[in-house]
K.L.:
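Pasting in a structure now, in structure tokens, and then I'll have a few things to ask.
What you see is a predicted model; the values in this text were computed from it and never measured. Naming: A, B, ... by sequence-line order, numbering from 1 per chain.
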Amino acid sequence: MASPLLIELERIVGKEYVRRGEAERIAYSADMWPRNQLWKLQGDPARHPPDAVVHPGTEAEIVALHAAALKHSVPLIPYGAGSGVCGGTVPIRGGVVMDVRRLRRLIAVDDHDLLVTAEAGIIGMHLEEELDARGYTLGHFPSSILCSTLGGWIAARSGGQYSSKYGKIEDMVVRVRVVMPGGEILETGCEDGVDLAPLLIGSEGTLGTITSATLRIHPKPEAKAFRGYRFQSLDSGLRAVRALLQGGLQPCLVRLYDPFDTVLHRSDKDHDLDVVAEAVSEGGRQGRQTPGRFAAAAKRLGTALALGNASWVNRIGAALGQSCLLVVGFEGPRSVVDADMRAAQALLTGLGGADGGEGPGLRWFEHRYHVSFKQSGVYDAGAFVDTLEVAATWSRLAAVYRAVREAVSPHALIMAHFSHSYREGGSIYFTFAAHRRDPKALERLYDRVLHDTFAAVLREGGSVSHHHGVGLGKREQMAREHGAGLRLLYGVKDAWDPQAFMNPGKVLPDRAVTK
Amino acid sequence: MATRDYTLDQPVLDTLEQALREPPLSGRAAPSSVFRPSTHDEVSAVLSAADRFGGRVGVGTSPVEGVIVLDLTGLAAIREVDGTSQLVTAGAGCTPRAIAASASASGLELDLGYFAEPDAPLGDALARGEAAPLVFSVRAALPDGAVFETPRAPRRASGPAPEALLVGGDHRAGIVVEATLRLREVDPSARWVSLPGGAGRLRLLARSGVRWRSAALTAEGEARALLAASDVPADAVASEAPALPTRGRPVFRRWSTLTAPAGPLDLHGGWVRGGHAGPAAPWLEKARAAIDPRRTLAGGAP
């Protein structure tokens with residue numbers, strides 16, 4: 001990096017807030033995108049390191065950083081907490097990563113209009129705790145809530161576990177304040193009939209840096225209730241979920257596990273794939289105490305065996321049964337929760353659901369944040385695990401599920417649950433895992449699994465992203481998903497960031513791809 | 001100035017292109033005619049010709065000097081009522097009332113409360129930004145005639161929402177030719193009730209957790225609130241049930257954007273009034289200029 005820029009960065013944020021050490025360069029070269037883990041398995045811990053990491057403390061400093069990066073033609077990558085799983089903050093062209101977590105104030109809570117305004121760098125759980133102390137909730141509970149920021153949520157169009165009741169982040173945002181690429185400050189709204197927020201939400205730092213936002217909040221729920229139901233087949237479970245949503249009830253949680261995921265849900269492990277690994281390795285050491293390092297080795301071996309023969313594991317999973325677990329939850333005033341749960345009980349049992357009591361829901365509640373901030377131990381065994389959240393209308397949802405399963409089953413272990421349900425459709429959350437001895441072969445297999453999945457989703461009329469955003473991992477799918485409409489987004493990018501220095505290479509495919 | 005009211009077959013398009021080529025109509029001028037396409041391909045053909053030869057295209061029903069006016073009332077087909085997903089796909093020339101009638105045959109309801117003029121074309125309403133919460137996806141024509149549909153998936157996260165340039169976009173980033181709208185089941189037990197206290201009462205109800213289907217404020221100084229619900233608590237109903245309001249827009253400019261995901265209204269934003277660090281309109285204009293560099297799209301014609 002040219003020293004004039006470095007001097008300018010240090011002048012803007014202070015020398016202690018410009019970091020260029022090896023640790024920072026490795027840490028900020030990756031987010032939670034599994035491909036970063038695959039590169040590490042190949043002995044490449046930081047394939048795309050930034051030239052520098054800066055930690056601005058004010059919006060004015062962010063404005064100045066924009067100007068400096070623009071002047072020196074250096075990429076600028078806004079960064080929240082690095083919990084993204086699509087590579088949205090990977091500095092593929094080097095440049096300056098701008099970590100906004102020092103902007104973490106809760107600015108205001110409006111008790112009359114039920115709004116909260118907070119800075120973009122506040123960690124999700126901290127925001128929720130601040131609201132909880134004042135008697136409110138945002139209603140946004142992504143599994144990454146412990147390691148993600150408000151700005152990151154907005155940038156990636158995040159969805160929380162209770163999106164069926166409270167909506168996704170785009171439903172919650174009332175105003176968003178952004179430093180535009182050239183350093184101008186824009187605060188969206190609707191005063192002049194123009195609301196640009198939908199163009200900024202989901203832009204992943206390619207159109208500016210989010211510095212604060214105002215969102216809707218809700219009274220803290222007086223009561224919560226969860227209940228599990230078992231359905232004889234996935235189709236009967238899906239029919240029940242659709243009836244629940246379209247019948248006018250507003251559950252906060254609706255989560256239907258496919259048959260394989262239903263089997264694994266019985267465990268209390270943090271991650272579905274950890275369960276697979278443990279189940280396989282447990283088989284060889286039942287009834288005796290295994291020393292720790294042998295247990296670890298056995299677990300790695302079990303994972304390799306299970307995931308190296310994924311098609312067999314998928315068949316075994318299918319043979320275990322076809323029943324599916326549905327977990328529903330309600331929260332709100334106690335009288336409303338009680339009434340809604342009674343109505344749901346009548347509806348779901350009437351549609352063939354066997355009441356499983358509170359247990360399944362409470363188990364989910366206890367483990368609801370455990371996945372995101374731990375990379376699964378599957379990687380330790382030389383395997384990959386990834387998740388993919390796709391969306392479709394009710395008319396297409398089952399077809400999308402089956403097409404993806406059919407495409408992926410020969411190559412990788414696959415399971416799914418249906419969460420984030422709405423009147424018109426919902427999301428399918430797939431989990432894939434596979435193993436190869438050779439790390440490069442493993443990455444080739446990963447590519448194939450994703451390619452086949454995306455192709456199946458788009459062929460069946462779904463969207464390749466419901467709440468993880470696009471980043472690097474899905475950007476090549478955008479042309480097929482948006483068609484000629486992608487030119488609208490190119491137009492916005494060209495108009496607002498003509499130098500294309502804001503988080504380059506993310507969200508939109510290179511122009512040649514669509515021509 | 002003539003109104004052409006027939007299928008835009010090739011001879012007509014050839015004539016249009018010829019007129020656009022010939023002086024003095026070349027350049028930014030254009031034959032001042034109203035064309036009424038009946039297919040998306042015809043919309044595309046007119047735009048393509050205009051874009052190639054420097055014509056300007058607006059949307060409306062009356063001739064405008066120097067503008068090729070597209071009358072979209074010919075796009076009046078209701079393509080599909082998807083009862084499974086509770087969606088209806090209709091052409092820009094359909095009226096919301098006609099769409100509602102079609103939906104009701106399937107036991108579903110289109111909330112006409114989102115439309116200021118339920119008997120005016122859907123395309124006009126969407127161009128004005130009405131009914132945004134009902135819009136699931138749109139099919140639109142770009143300035144060069146390319147027709148596309150925004151992804152048909154609920155609450156996707158595949159980048160920014162291009163619909164923001166089309167719904168409320170005054171036909172200036174693209175011309176909406178068809179839209180897919182959200183429906184809901186008819187609830188025969190729901191009734192409109194009138195509540196004294198207007199905004200204050202609605203605010204309290206919004207916090208109460210009570211589910212409702214629709215809500216509005218009467219236009220007379222926010223004096224009364226109207227609530228459509230099937231389970232309104234008895235103590236919330238303080239007067240007789242009035243007739244269903246058939247016209248009139250709510251007082252809140254953004255009230256129609258406040259529907260909660262599963263349907264019932266969430267009123268938090270009804271009181272929101274944003275302050276701008278800088279005006280948004282110039283940013284929108286910049287984007288439009290990049291999308292339509294030849295200024296082919298003239299917007300909604302008067």
K.L.:
Can you tell me which portion of A/I201 sits under 4.5 Å from chain B's heavy atoms? Options are side chain, backbone, both or neither.
P.N.:
backbone

K.L.:
Using non-hydrogen atoms and a 4.5 Å limit, figure out which bit of A/H420 sits close to chain B: side chain, backbone, both or neither.
P.N.:
neither

K.L.:
If you count heavy-atom pairs under 4.5 Å between each of B/E285, B/R182, B/R288 and chain A, which one has the most?
P.N.:
B/R182

K.L.:
Who among A/Q246, A/R157, A/H467, A/M478 has the most heavy-atom pairs with chain B under 4.5 Å?
P.N.:
A/Q246

K.L.:
So which residue, B/D144, B/L183, B/D292, B/T150, ends up with the most heavy-atom pairs under 4.5 Å with chain A?
P.N.:
B/D144

K.L.:
Got a donor-acceptor contact below 3.5 angstrom from the A/S463 side chain to the B/R156 backbone?
P.N.:
no

K.L.:
Between A/G491, A/A495, A/S395, A/A391, who has the most heavy-atom pairs with chain B when the cutoff is under 4.5 Å?
P.N.:
A/S395

K.L.:
Does the side chain of A/R423 come within less than 4.5 Å of B/Q86's, by heavy atoms?
P.N.:
yes

K.L.:
Quick check against the 3.5 Å criterion: does B/E149 have a side-chain atom that pairs as donor or acceptor with the backbone of A/H482?
P.N.:
no

K.L.:
Given the options A/E170, A/M180, A/E204, which has more heavy-atom pairs under 4.5 Å with chain B than any of the others?
P.N.:
A/M180

K.L.:
Contact part of A/A156 toward chain B, heavy-atom cut-off under 4.5 Å: side chain, backbone, both or neither?
P.N.:
backbone

K.L.:
Could you state the interatomic distance from CG (A/D195) to CG (B/L284), rounded to the nearest 0.5 Å?
P.N.:
10.5 Å

K.L.:
Examine whether an atom of A/V470 lies under 4.5 Å from a heavy atom of chain B, and if so say whether it belongs to the side chain, the backbone or both; otherwise answer neither.
P.N.:
both

K.L.:
Based on non-hydrogen pairs under 4.5 Å, which of B/P151, B/A146, B/A287 is most in contact with chain A?
P.N.:
B/P151

K.L.:
I'd like to know if the side chain of A/K168 and the backbone of B/R155 have a donor-acceptor N/O pair within less than 3.5 Å.
P.N.:
yes

K.L.:
Mind ranking B/P160, B/P162, B/G169 by heavy-atom pairs under 4.5 Å with chain A and telling me who comes out on top?
P.N.:
B/P160

K.L.:
So which atom in A/G425 and which in B/P154 form the shortest heavy-atom distance, rounded to 0.1 Å?
P.N.:
C-CG, 3.8 Å

K.L.:
For the interface with chain A, which of B/A140, B/G174, B/G159, B/G83 has the highest count of heavy-atom pairs at distances below 4.5 Å?
P.N.:
B/G159

K.L.:
Pick from A/G332, A/G462, A/G469, A/G247: which one has the most heavy-atom pairs with chain B under 4.5 Å?
P.N.:
A/G469

K.L.:
Just wondering, do A/L488 and B/L142 contact through their side chains at under 4.5 Å, heavy atoms?
P.N.:
yes

K.L.:
I'd like to know which of A/D110, A/V390, A/D111 tops the heavy-atom pair count under 4.5 Å against chain B.
P.N.:
A/D111

K.L.:
Can you tell me which portion of B/S158 sits under 4.5 Å from chain A's heavy atoms? Options are side chain, backbone, both or neither.
P.N.:
both

K.L.:
List the steps and the verdict of salt bridge (charged side-chain N to carboxylate O under 4.0 Å, His left out) for A/E481 and B/R152.
P.N.:
CA-CA 9 Å; A/E481 173 148 338; B/R152 290 171 63 89; over 6 Å; no

K.L.:
Is there a side chain to side chain contact (heavy atoms under 4.5 Å, CB included) between A/R242 and B/T84? Walk through the geometry before answering.
P.N.:
CA-CA 9 Å; A/R242 183 164 67 86; B/T84 303; 3.8 Å; yes

K.L.:
Would a distance-only check, ignoring hydrogens and angles, find a side-chain to backbone donor-acceptor pair under 3.5 Å from A/T393 to B/S85?
P.N.:
no

K.L.:
Check whether A/W496 reaches the backbone of B/W283 with its side chain - one donor and one acceptor, N or O, closer than 3.5 Å.
P.N.:
yes

K.L.:
Could you tell me if the side chain of B/E163 sits less than 4.5 Å from the side chain of A/P198, heavy atoms only?
P.N.:
no

K.L.:
Taking all non-hydrogen atoms of both residues, which atom of B/A164 and which atom of A/L199 are closest, and how far apart?
P.N.:
CB-CG, 4.1 Å

K.L.:
Under a 4.5 Å heavy-atom cut-off, does chain B meet the side chain of A/A484, its backbone, both or neither?
P.N.:
both

K.L.:
If you count heavy-atom pairs under 4.5 Å with chain A, which of B/A153, B/P293, B/A173, B/A161 comes out on top?
P.N.:
B/A161

